[in-house]
Amino acid sequence: MALRFYNTLTQRIEEFTPAHDNVVRMYTCGPTVWNFAHIGNLRTFTFVDILRRWLHARGYQLDHVMNITDVDDRIIQQALAAGKSLDEFTEVYTAAFLEDSAALRLERPEHLVRATRHIQEMAAAIQKLSEKSYTYQSEGSIYFRIAKFPEYGKLSHADFSGIRAGARVDTDRYEKDNARDFALWKAPKEGEPSWDTVIGRGRPGWHIECSVMAMKYLGETLDIHAGGVDLTFPHHENEIAQSEALTGKPFSRFWLHCEHLILSGEVMSKSLGNFLTLRDLLGQGFHPEAVRFMLASVPYRKKLNFTMDSMRSAEQAVERLRNFKLRLDTEKFSEGVNESLLESTRQALSRFDEALDDDLNTAEALAAAFELVREANSAMDAGEFHAANTQPANEFLARFDTVFDVLRPTGKETGIGDAEIEALIAERNQARQSKNFARSDEIRGQLHGLGVILEDTKEGTRWKRR
Ligand code: AMP
Ligand code: ZN
């Protein structure tokens, strides 16, 4: 079956192909850089990464824009409180976001763009909306008149027709029952950053930022627009209103929304204060690949209930996969082929592909992988895994890792020195003597990840670099 996604706009699972040639034009809302990203935010960005990688695996090229929101209500408030300029303040969290993304192996979008670098284009878009009479002014701010856009509500599937014309909201973030004409442009305030533009001095609202940056780089109609589920309303609803009012064309064909990560029964959120960062987890000794695994393991339309246990299971799962890879790379198998295992490997591969085609069902894709690993491990233990089974198993793992990307340990890029290798081998021998096989396996795995292969002989342990 073909690749398909759940489209929030139509509330249906739909087959996906890009509108033009082989390129997927995609926009995803990026971080608001007023603090470190929490693992809830990172869940959404990991979903975007899995989406990217699967589109690639299915033969599409990507033209993907992600924004960095570096001006909005919260940022301004925090920067003022810290006594810093907007750029000084946001630079720190932008860098932190990029570091976290790299640690989680999130592919870089083709365009990573900052809102403050597109202010003039935003002002020009607002001017055009005014010419089309979608706006009105009040006390120096400019508002979008939602009554002028009868389709308002079509993404969040809510009926806003009873909204009183002229009722306004100034904050960027608000709830559905607070639907009002929203600020496109905010009047300058003493002490707050503002810009001189064709529509006067001021600063943009959050929603217009995404509309303008999306259309600048990707054209008037996108193939996919994605973000966290909390952005559906008002942010994405407002993006649709502004963009479609400007162009008269559908803004995005597909809308994909990632469900929340939950901590102790509540949505993880900075404003609630119940949040954990990637740095917190790494500080507790978890590996970034395990965090990536944990975030990717629950299909994106299901809530992810985070617990420390789920982190520990993710560590073990990654370990199991790596041990299997290690066995494939280092054990000697007898000639021949195990036909039934060969068939299982083929089936696992098609089940894996089918699962991801099915609206990125990562849980099912992982189940396919772990069932194969279990069967192949048992075959190895029973001496029934043969030399000709190695390549298909490796091919499966390679396919698996183009999406999940957890097999390679995060190591020193420069490699490891001979002395360090010898020291680790000595530690491993000691661990083996004291029957601490968990530690000795761990060291073997660690060295393997760094490209060092161990061979235990009667004369002792020999090693070579791959
Ligand atoms: P922000 O930095 O607040 O603009 O959020 C960045 C992304 O994280 C957005 O796509 C949000 O929808 C998403 N997000 C926020 N909280 C969570 C959560 N608890 N779980 C999953 N995604 C979230
Ligand atoms: Zn956005």
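Order of appearance sets the numbers: ligands from 1, and atoms from 1 within every ligand. Because the structure is predicted, anything quoted here is derived from the model rather than measured. FYI, the numbering just counts along the sequence from 1.
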(Q) Just verifying a value: how many Å separate Met122 CE and Glu209 CD, rounded to the nearest 0.5 Å? (A) 5.0 Å

Q: Validate the cation-pi geometry between Lys148 and Tyr134: distance from NZ or CZ to the six-membered ring centre under 6.0 Å, angle to the ring axis within 45°.
A: yes

Q | Smallest separation among heavy atoms of Pro31 and Met66, with atom names | A | CD-CE, 4.4 Å

Q | Where Asn67 and Gly30 come nearest, the two heavy atoms and their spacing | A | OD1-N, 2.7 Å

Hey, what polar pairs (N/O, under 3.5 Å) does ligand 1 make with protein?
unit_1   : atom_1 : unit_2 : atom_2 : d
ligand 1 : 2 (O)  : Thr32  : N      : 2.9
ligand 1 : 3 (O)  : Arg74  : NH2    : 3.3
ligand 1 : 4 (O)  : Thr32  : OG1    : 2.7
ligand 1 : 4 (O)  : Arg173 : NH2    : 3.4
ligand 1 : 5 (O)  : Asn41  : ND2    : 3.4
ligand 1 : 8 (O)  : Asn41  : ND2    : 3.0
ligand 1 : 10 (O) : Gly228 : N      : 3.0
ligand 1 : 12 (O) : Gly228 : N      : 3.4
ligand 1 : 12 (O) : Asp230 : OD1    : 2.4
ligand 1 : 12 (O) : Asp230 : OD2    : 3.4
ligand 1 : 19 (N) : Leu261 : O      : 3.2
ligand 1 : 19 (N) : Met268 : O      : 2.9
ligand 1 : 20 (N) : Gly40  : O      : 3.4
ligand 1 : 20 (N) : Leu261 : N      : 2.8
ligand 1 : 22 (N) : Gly40  : O      : 3.0
ligand 1 : 22 (N) : Thr44  : OG1    : 2.7

**Q.** ring pair (Phe, Tyr, Trp, His ring centres under 6.0 Å) between Tyr217 and His118, intermediate numbers included
**A.** CA-CA 12 Å; Tyr217 295 96; His118 298 77; 5.7 Å; yes

Q. When Arg253 is tested against each of Leu9, Thr221, Asn7 for side-chain contact (heavy atoms from CB on, under 4.5 Å), which residue passes?
A. Thr221

Q.
Given 3.5 Å as the limit, does a donor-acceptor pair link the side chain of Asp357 with the main chain of Ala2, or not?
A. no

Q.
Distance check below 2.8 Å: does Cys210 bring an N, O or S atom to the Zn ion (ligand 2)?
A. yes

Q. Any N/O/S atom of His207 sitting less than 2.8 Å from the Zn ion (ligand 2), backbone or side chain?
A. no

